Amino acid sequence: MSQEITRVHTGQTEHLELRFAERASLMRPSEIRALFAVASRPEIVSLAGGMPNLSALPMEMFSDVVQKLVRENGQEALQYGSGQGHPKLREQICDIMALEGIRAHPDDVIVTTGSQQALDLISRIFIDPHDVVLVEAPSYVGALGTFQQYEADVVHVEMDHDGMIPVRLREAISATKALGKNIKFLYLIPNYQNPGGVTLPAERRTEILDICREEKIFVVEDNPYGLLGFNGPSPDAMRAEDSENVIYLGSFSKTIAPGFRVGWALVPQALKEKLVIAAESSILCPSNFAQLAISGYLADQPWREQIAEFCKLYKVRRDAMLESLEKYFPEGATWTHPEGGFYFWVTLPEGIDTKAMMPKAIAAKVAYVPGTAFYADGFGSRSMRLSYCYPTPERIRDGVKALGAVIKSEIESLDKKNKALK
Ligand code: PMP
């Protein structure tokens, strides 16, 4: 007989909330989380989420990898492991980073539970309340949320279609220093940026590294999309050029599968011990099972070909979105041209508020993420992130068409309002 569980409200919840630490007030759901519930309804074309498209993954093969692991090495796979991560996987990670010009020793690699955990640990180690973290404008919503939970003051640095603008970085540093504030690090995503879709060219990488070295500011290079380029490899990683001043974050979430929750940090030696201690207090050790499954896959399977498959799948979707934007979006709308990764960043004419427009888009059965989610300072109200990674090309076309119609009608009603005011 099934047991029915009723939840009785005892007033206990309020009591509990009164006991929260002050920092708990900074733990707020992201705009994206709230959106996902709506966007995941089957009738909605979701151009909102950034979920990798696992339809290209050969599940049979993964099933073999996992079965072999448990059969042949179950005692180790199901046991606790090293806080720094499995030595074999750390070696394989170094081989992968070599594809982007990085020469690294496995001793300097720390395996984390996704690169999101590395962001959390680094924030915990570096950020005191009101320290400044410099980020791109716009930047990854998950990083902004973490920095804010550690009470950082986030300062955005302007980007253009080639990513962060070095002179703007210099200006942001001077302005921040003039206020007497302490800059802890620069966080950026140089390849196929989330949410901007842009890639930082090699010369800008060097320039930004020079500025940061000169100013004694650490660089946190977050690179989950680097191997997902559509026109050949992206420029060498920033870490390849500077092993002292760059903390590099990598992840298997987009090149294999996010369900394993395996990422890593490659850190300068002075940081390594602190990061391992912070990781141990957080999770004791990353999952041996997930690490060894990935390690077995990398050792026995054609993972480079699999990444090429992913790139093919995403390129078809990028093309579908680009064609549809050109066809269905009104004059005055502009967008970036991603050469890899998952995202377009679209900016609409002055006066449109993409957050306020969202209910109309949902009514037209399409979802996106409003631009303000990617700023810590309220900017981005006439921008939006559109992701093409997950839906089929047909659904992408339908979604962009529907969204184009919503935007056109929004522009028309704005025009009417403006005329009436004259
Ligand atoms: N950094 C960026 C730029 C991301 O887009 C994401 C995930 N969307 C992450 C970090 C976190 O990825 P994971 O924890 O799955 O490695």
Side-chain angles (χ1 to χ4, degrees), residues 30-33 35-36 39 46-54 57 85 89 93 96-97 100 109-123 133 135-149 154 156 159 163-164 185-200 219-229 234 237-239 247-266 279 282-283 286-287 290-291 294 307 310 314 336 338 340-345 369 373-376 385-390:
S30 76
E31 289 195 41
I32 291 199
R33 167 121 73 94
L35 239 170
F36 276 175
S46 178
L47 309 175
M51 281 203 302
N53 195 319
L54 301 186
L57 265 195
L89 181 65
I93 285 172
I96 291 172
M97 290 191 292
E100 295 184 301
V109 174
I110 294 157
V111 179
T112 54
T113 302
S115 54
Q116 189 66 35
Q117 193 206 5
L119 283 170
D120 184 74
L121 299 176
I122 287 165
S123 301
V133 176
V135 303
E136 292 149 311
S139 184
Y140 167 49
V141 61
L144 296 181
T146 303
F147 302 152
Q148 286 169 322
Q149 272 188 35
V154 172
H156 289 278
M159 298 204 291
M164 183 175 281
F185 55 84
L186 164 68
Y187 167 77
L188 80 177
I189 308 150
N191 295 316
Y192 322 123
Q193 202 244 12
N194 179 5
V198 296
T199 295
L200 200 62
V219 175
V220 178
E221 175 182 28
D222 189 8
N223 189 28
Y225 304 97
L227 297 180
L228 297 180
S234 54
M238 295 172 84
R239 171 59 174 69
I247 300 168
Y248 174 97
L249 308 185
S251 174
F252 290 110
S253 288
K254 276 81 186 183
T255 48
I256 302 180
F260 287 113
R261 305 305 302 127
V262 178
W264 69 91
L266 170 65
S282 163
I283 52 159
S287 156
Q291 290 179 86
I294 287 195
I307 292 177
F310 277 132
Y314 293 130
T336 50
F342 290 2
Y343 311 107
F344 278 88
W345 182 253
V369 186
F374 306 97
Y375 285 85
R385 188 190 76 177
L386 298 184
S387 63
Y388 50 82
C389 46
Y390 200 73

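Both ligands and their constituent atoms are indexed starting at 1 by order of listing. Just so we're clear, the structure is a prediction, and the values are computed from it rather than from any experiment.
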Using the side-chain contact (heavy atoms from CB on, under 4.5 Å) rule, take S46 and Y390 through it: C-alpha gap first, then chi angles, then the decisive distance, then the call. CA-CA 8 Å; S46 178; Y390 200 73; over 6 Å; no

Checking side-chain contact (heavy atoms from CB on, under 4.5 Å) for the pair V369/V141: CA distance, chi angles, key distance, verdict? CA-CA 11 Å; V369 186; V141 61; over 6 Å; no

List every atom of ligand 1 that sits less than 4.0 Å from any heavy atom of [X], numbering the atoms from 1 in the order shown and giving each element.
| X | answer |
| --- | --- |
| N194 | 4 (C), 5 (O) |
| I189 | 3 (C) |
| S251 | 13 (P), 16 (O) |
| G114 | 13 (P), 14 (O), 16 (O) |
| R261 | 13 (P), 14 (O), 15 (O) |

Distance-minimising heavy-atom pair for G196 and T336: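 Scanning both residues completely, I find the closest heavy atoms to be O-OG1, 2.8 Å.
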
Kindly indicate, with the supporting measurements, whether the criterion side-chain contact (heavy atoms from CB on, under 4.5 Å) is fulfilled by L57 and F310. CA-CA 8 Å; L57 265 195; F310 277 132; 3.8 Å; yes

Are any of the N or O atoms of Y343 closer than 3.5 Å to those of ligand 1?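 No: no nitrogen or oxygen of Y343 is under 3.5 Å from one in ligand 1.
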
Side-chain contact, heavy-atom cut-off 4.5 Å: F185 with V133?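 With C-beta onward as the side chain, the pair touches.
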
Of all the non-hydrogen atoms in the protein, which one sits nearest to [atom], and at what distance?
| atom | answer |
| --- | --- |
| atom 5 (O) of ligand 1 | Y225 OH, 2.7 Å |
| atom 9 (C) of ligand 1 | Y140 OH, 3.4 Å |
| atom 2 (C) of ligand 1 | D222 OD2, 3.4 Å |
| atom 12 (O) of ligand 1 | S115 OG, 3.5 Å |

What do you reckon, does P224 put a non-hydrogen atom under 4.0 Å from ligand 1?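 The answer is yes, since P224 has a heavy atom less than 4.0 Å from ligand 1.
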
Are [X] and [Y] an aromatic pair by the rule of ring centers under 6.0 Å?
| X | Y | value |
| --- | --- | --- |
| Y343 | Y140 | no |
| F260 | F252 | no |
| Y314 | F342 | yes |

For atom 7 (C) of ligand 1, which candidate among K254, Q116, Q117, M51 holds the nearest heavy atom?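 The nearest heavy atom belongs to K254.
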
Hey, is [X] touching ligand 1 through its side chain, its backbone, both or neither, going by heavy atoms under 4.0 Å?
| X | result |
| --- | --- |
| Q193 | neither |
| F252 | neither |
| S253 | side chain |

What class does the angle between the rings of W345 and Y375 fall in, given that below 30° is parallel, 30 to 60° is tilted and above 60° is perpendicular?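 Tilted, since the angle between the ring planes falls between 30° and 60°.
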
Distance (rounded to the nearest 0.5 Å) between N194 CG and K254 NZ: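 One gets 7.0 Å once the value is rounded to the nearest 0.5 Å.
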
